[in-house]
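Below is one structure, written out as structure tokens, with a few remarks after it.
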Amino acid sequence: MTRKMVDCRTMPSEIGCTLTIAGEEEELLDAAVAHAVDKHGHENTAELREQIRSGLVDAEPALA
């Protein structure tokens with residue numbers, strides 16, 4: 001499965017967050033939503049999940 005990533009620097013943020021998270025899509029989405037709720041004060045809604053999902057990009061493969 002293709003690893004995905006999300007970078008807080010590409011999302012609107014009042015706190016200037018620089019966190020980048022990578023993983024398989026569903027585990028990444030769960031972690032990104034938890035981060036958005038805990039650190040950015042968002043509510044865990046279907047709209048938030050879809051906004052985050054739309055910002056996911058393919059992650060660079062790990063170096064062997």
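These numbers come from the heavy atoms of this one structure, side chains and all, not from hydrogens, waters or symmetry mates. Starting from 1, each residue takes its place in the sequence as its number.
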Report task. Please name all residues satisfying ring pair (Phe, Tyr, Trp, His ring centres under 6.0 Å) with H42, sequence neighbours left out, ordered by chain then number. Result -> none
If you look only at distance, which donor and acceptor atoms sit under 3.5 Å apart when one is on a side chain in residues 30-41 and the other is two or more places apart or in another chain?
unit_1: D30; atom_1: OD1; unit_2: R49; atom_2: NH2; d: 2.8
unit_1: H35; atom_1: NE2; unit_2: H40; atom_2: NE2; d: 3.1

Report summary line: Quick note, side chain to side chain donor-acceptor pair (under 3.5 Å) partners involving residues 51-61, not counting sequence neighbours, are K4-D58, E25-R53, E26-R53
Query raised in the report: Is there any salt bridge (Lys or Arg N to Asp or Glu O under 4.0 Å) pair reaching into residues 8-17, and which pairs are they, with sequence neighbours excluded?
Result: D7-R9
Report task. Any chance you could pull the hydrophobic cluster mates of M5, using side-chain heavy atoms under 4.5 angstrom and chaining through other members? Result -> V57
Query raised in the report: Any ring-ring contact (aromatic ring centres under 6.0 Å, His included) pairs touching residues 9-32, not counting sequence neighbours?
Result: none
Query - Which residues share a side chain to side chain donor-acceptor pair (under 3.5 Å) with N44, sequence neighbours left out - result: none
